[in-house]
Number of protein chains: 2
Amino acid sequence: MNENKSREMVKILKALANPVRLKMVASLYEKPKNVYVLAKELSLPYPLAYLHLDGLKKLGLVKEIREEKKVEGLPTVKYYAPSDFKIVLTPIEIHRLFKKKEEMK
Amino acid sequence: MNENKSREMVKILKALANPVRLKMVASLYEKPKNVYVLAKELSLPYPLAYLHLDGLKKLGLVKEIREEKKVEGLPTVKYYAPSDFKIVLTPIEIHRLFKKKEEMK
DNA sequence: CTTATATATAAGAAATTTTTTATATATGCT
DNA sequence: AGCATATATAAAAAATTTCTTATATATAAG
């Protein structure tokens with residue numbers, strides 16, 4: 001019943017298998033920033049950038065960081081950076097995704 | 001002008017970001033087989049299996065192998081196996097996809 | 001008080017991907 | 001001759017993903 005691992009992998013790969021989202025990760029790696037600035041940088045309408053980033057965030061590929069420049073007050077600006085993920089894709093690793101935990105060990 | 005690398009990566013990730021195709025790679029890793037048998041194993045109509053495998057083949061993720069059991073005659077049966085690929089996805093690697101060759105070195 | 005910055009979300013349209021259905025061809029078995 | 005095996009492709013339907021448009025809210029700058 002270990003279809004979870006492969007399904008989770010498909011989700012993650014789907015998130016990264018998109019030119020906009022891939023570029024977002026690259027841009028946030030170079031310099032963490034908020035959605036508004038990211039949208040401008042990539043010449044995207046804000047709602048689209050928001051949706052794409054939200055997808056990455058929900059899968060944990062990108063995280064919110066608190067690096068507030070504005071010293072006082074509640075932070076109205078949210079900065080994002082890529083998480084520290086590492087996905088390795090080889091035939092063997094892909095095969096492992098479909099193996100049950102018991103027969104994995 | 002190095003948008004080639006990221007575009008190629010998106011293509012490859014799209015190919016693997018699908019439950020059917022991911023399972024195909026896993027199945028062919030376990031034991032190389034032809035499309036007809038693969039279709040049966042995965043309970044897919046042949047044309048669908050054919051299309052999915054064709055996608056993997058065109059990207060070089062799967063290759064045709066000549067391991068003919070039928071000694072005589074031209075091989076009417078085509079066997080497939082995964083290629084020896086390795087794709088590593090980290091924020092750094094993704095960032096590199098968008099760097100020009102010159103500034104790469 | 002208007003503009004720029006900033007977030008969040010919904011609904012619909014557009015584009016792409018996935019799946020089905022149909023067609024054509026060929027071999028081997030019983 | 002009919003059935004199972006086997007490949008290949010096209011066209012249309014179905015499903016999903018992507019993108020746009022609209023709305024609502026809030027702060028800061030000029």
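As the structure is a computational prediction, the values presented were derived from the model and not from experiment. Convention: sequence-line order gives letters A, B, ...; per-chain numbering from 1.
Between B/Tyr36 and the phosphate of D/dT5, there is a side-chain N or O to OP1/OP2 separation shorter than 4.0 Å.
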Atom pairs, N/O to N/O, protein against nucleotides 8-10 of chain C, distance under 3.5 Å?
| residue | atom | partner | partner atom | Å |
| --- | --- | --- | --- | --- |
| C/dA8 | OP1 | A/Lys78 | NZ | 2.2 |
| C/dT9 | OP2 | A/Tyr50 | OH | 2.3 |

Pull out every protein N or O sitting under 3.5 Å from an N or O of nucleotides 16-18 of chain D, one pair per line with the distance.
| residue | atom | partner | partner atom | Å |
| --- | --- | --- | --- | --- |
| D/dT17 | OP1 | A/Lys14 | NZ | 3.2 |
| D/dT18 | OP1 | A/Asn18 | ND2 | 3.0 |
| D/dT18 | OP1 | A/Arg21 | NH2 | 3.1 |
| D/dT18 | OP2 | A/Arg21 | NH1 | 3.2 |
| D/dT18 | OP2 | A/Arg21 | NH2 | 3.3 |

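Using a cut-off of 4.0 Å between Lys/Arg side-chain N and Asp/Glu carboxylate O, A/Lys99 and B/Glu30 are scored as salt-bridged. The residues B/Glu8 and B/Lys5 are annotated as not salt-bridged, no charged nitrogen and carboxylate oxygen being separated by less than 4.0 angstrom.
Across all non-hydrogen atoms, the minimal contact from A/Val35 to A/Tyr80 is CG2-CE1, 3.7 Å.
With no hydrogens or angles considered, a side-chain donor-acceptor pair links A/Ser27 and A/Lys33 at under 3.5 Å.
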**OP:** Start with the C-alpha distance between A/Phe85 and A/Leu59, add both sets of side-chain angles, then the distance that settles side chain to side chain contact (heavy atoms under 4.5 Å, CB included), and finish with yes or no.
**Re:** CA-CA 11 Å; A/Phe85 62 86; A/Leu59 286 169; over 6 Å; no
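Atom P of nucleotide C/dT27 and atom CG of B/Asn34 are separated by 17 Å, given to the nearest angstrom. Separating the CD atom of A/Glu64 from the P atom of C/dA6 is a distance of 15 Å, rounded to the nearest angstrom. When the C1' atom of C/dA6 is taken as reference, atom NZ of A/Lys40 falls 11 Å away, rounded to whole Å.
Take the nearest nucleotide of DNA chain D for A/Val20 and for B/Val37: the residue whose nucleotide is more 5' is B/Val37.
If you check every strand for non-hydrogen atoms under 4.0 Å, B/Lys33 touches nothing.
When atom types are taken as modelled, the side chain of A/Ser6 and the backbone of A/Phe98 share no donor-acceptor pair closer than 3.5 angstrom.
Contact check for B/Arg21 versus B/Val25: no side-chain heavy atoms found under the 4.5 Å cut-off. In this structure, the side chains of A/Ile87 and A/Glu93 stay at 4.5 Å or more apart for every pair of heavy atoms.
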